[in-house]
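Just so it is clear: chains get the letters A, B, ... in the order the sequence lines come, proteins before strands, and each one is counted from 1.
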Protein chains: 2
Amino acid sequence: MARKVRKGDVAADEAVYGAIRRAMHLGRLAPGTKLQEPALARVLKVSRERVRKALHRLVHEGWLTAVPNRGTFVPSLSVAEMREIYDVRSMLEAAIVRRLSEGHSAGAARRLKAHIADEKAALKINDRGRAFELSGEFHVLLAELCGNDELAKLLRGLLTRSTMHFSLSAPQQLHNCAGPHDHGDIAEAILGGKAEKASKLMLAHLAGLIELQSTHPPSAKRSDLVEAFRGV
Amino acid sequence: MARKVRKGDVAADEAVYGAIRRAMHLGRLAPGTKLQEPALARVLKVSRERVRKALHRLVHEGWLTAVPNRGTFVPSLSVAEMREIYDVRSMLEAAIVRRLSEGHSAGAARRLKAHIADEKAALKINDRGRAFELSGEFHVLLAELCGNDELAKLLRGLLTRSTMHFSLSAPQQLHNCAGPHDHGDIAEAILGGKAEKASKLMLAHLAGLIELQSTHPPSAKRSDLVEAFRGV
DNA sequence: TGTTGACGTAATGTGCACATTATTTTACCA
DNA sequence: TGGTAAAATAATGTGCACATTACGTCAACA
């Protein structure tokens, strides 16, 4: 990040924004942690204003919660909120797989097969981190294959928010999806044109994720900022 | 708005944000209009920093588009983007009415009936503005009746974005919904427990809206800022 | 006359200093 | 010793001044 800072440097903004998001995604920032602007500016080696801008953006996007004159905090997503998000995802993703089952391009089928192969490979060599990442991207991929950018963007936001409190609690020993072969089954149903089956499988898959996450209540301990942003 | 500006004054921020959103909703700001910070600060009688904050928020929420070192502009929503948004709405709202048809509380039924009555009353006395407002709220109401806050919040964003380029082009002589009795029919199907029929009606309703909006291409003329924010 | 170049003006982006508020520490008293 | 209040400290919020960039104007030249 040792670049010359010029006017309108969107890369620096993105770097700060990305660093915080990455730290959250890696589970380095426990819910309830206060993100102090001076401390963050020191750790990330940027000005306080840049930190402020990134924090405001993250608040607007729902990643963080701001309390006036108090500061910005990592939210403690309740189980109820999580269930609501999964509920919305169920509506959208059921419609997505149904639509894909009823018709998709040859390129879509190829990308889908390639992704499933990647996931299996990652599981085979026991690469937890990669498998976790890919399992999340699977759901985004399905949205992208519909050819609707708005849909993909929306689902990406829902996915990251729904997996947030999960990855915040215990990201090391988790797998992003209940059954490792769930994705393969869903893809198979889509490629076979079985709309109802694909829809049912997706709903069951998401229901399984809710159960899995509900059993992992997030811990209450606060995180240290210097530790959290080590190498992100 | 003649208040003493104190530390952490969230009301002032909200006022600026609301003024811009209201001006857009009223169709005062034509697509392509540049929102200059000094001019806005003069018109709204606030500091430039406050305007900047509001603009950044509106950009992050998708209402405006920012070009680095160039400024912030009222976006020209293409027909393709509009269709994508309506596509997502179709997925969600079909699921919503299906769910409501399969079961809802007595209070939900009462609120739904009351809303339909309000809409009919507004149409009867030919109150275009009120009818326009209510017709939009109908869709949000359905989401709210599901008891899922995340869902309602999401749909509200989609609704405002989808009606944006419409209200930007010719908001005066428009009705927000294709058939004036569409909402009544949908509500009737929901209250009668006819899930499939309600779903079909909603999809047809949204399809009609797309057609209606596709025939109204937004004008290309720029807006004057002092004129746009008169009394908002 | 059309085009290109430089210059002046005005906008955006950023860091800094200060005001205000919250939090912690400390001292004092019952 | 426990509790309360006040002062010190540190954080957030805001306006301002300056640097940088884009845009419009005008003149010179082919």
Salt bridge or not for Arg130(A) and Glu137(A), using N-O below 4.0 Å?
no
Below 4.0 angstrom from OP1 or OP2 of dT14(D), is there any side-chain N or O of Ser47(B)?
no
Counterpart residues, ring-ring contact (aromatic ring centres under 6.0 Å, His included), relative to Phe229(A) (two or more places apart):
none
Do the charged groups of Glu150(B) and Arg83(A) touch, with an N to O distance under 4.0 Å?
no
Between Arg48(B) and dC16(D), is there a side-chain N or O to OP1/OP2 distance below 4.0 Å?
no
Which whole-number value in Å describes the distance from Gln36(A) CD to dT9(D) P?
17 Å
Looking at side-chain heavy atoms only, is the closest gap between Leu55(B) and Val16(B) below 4.5 Å?
no
Distances under 3.5 Å only, N/O to N/O: pair up the protein atoms with those of nucleotides 22-24 of chain C.
{"residue": "dT23(C)", "atom": "OP1", "partner": "Arg70(A)", "partner atom": "NE", "Å": "2.6"}
{"residue": "dT23(C)", "atom": "OP1", "partner": "Arg70(A)", "partner atom": "NH2", "Å": "3.2"}

Between atom CG in Leu225(A) and atom P in dA11(D), what is the gap in whole Å?
11 Å
Residue set satisfying ring-ring contact (aromatic ring centres under 6.0 Å, His included) with His104(B), at least two apart, ordered chain then number -> none
Answer yes or no: does a side-chain N or O of Lys53(A) lie under 4.0 Å from OP1 or OP2 of dT14(C)?
yes
Distance, rounded to the nearest Å, where Arg52(B) contributes CZ and dT12(C) contributes C1':
6 Å
Where the side chain of Pro38(A) is concerned, which of dC16(D), dT12(C), dT12(D) is the nearest nucleotide?
dT12(D)
Can you figure out which of dT12(C), dC16(D), dG13(D) approaches the side chain of Glu37(A) most closely?
dG13(D)
Is Arg230(A) salt-bridged to Glu227(A), going by a charged N under 4.0 Å from an acidic O?
yes
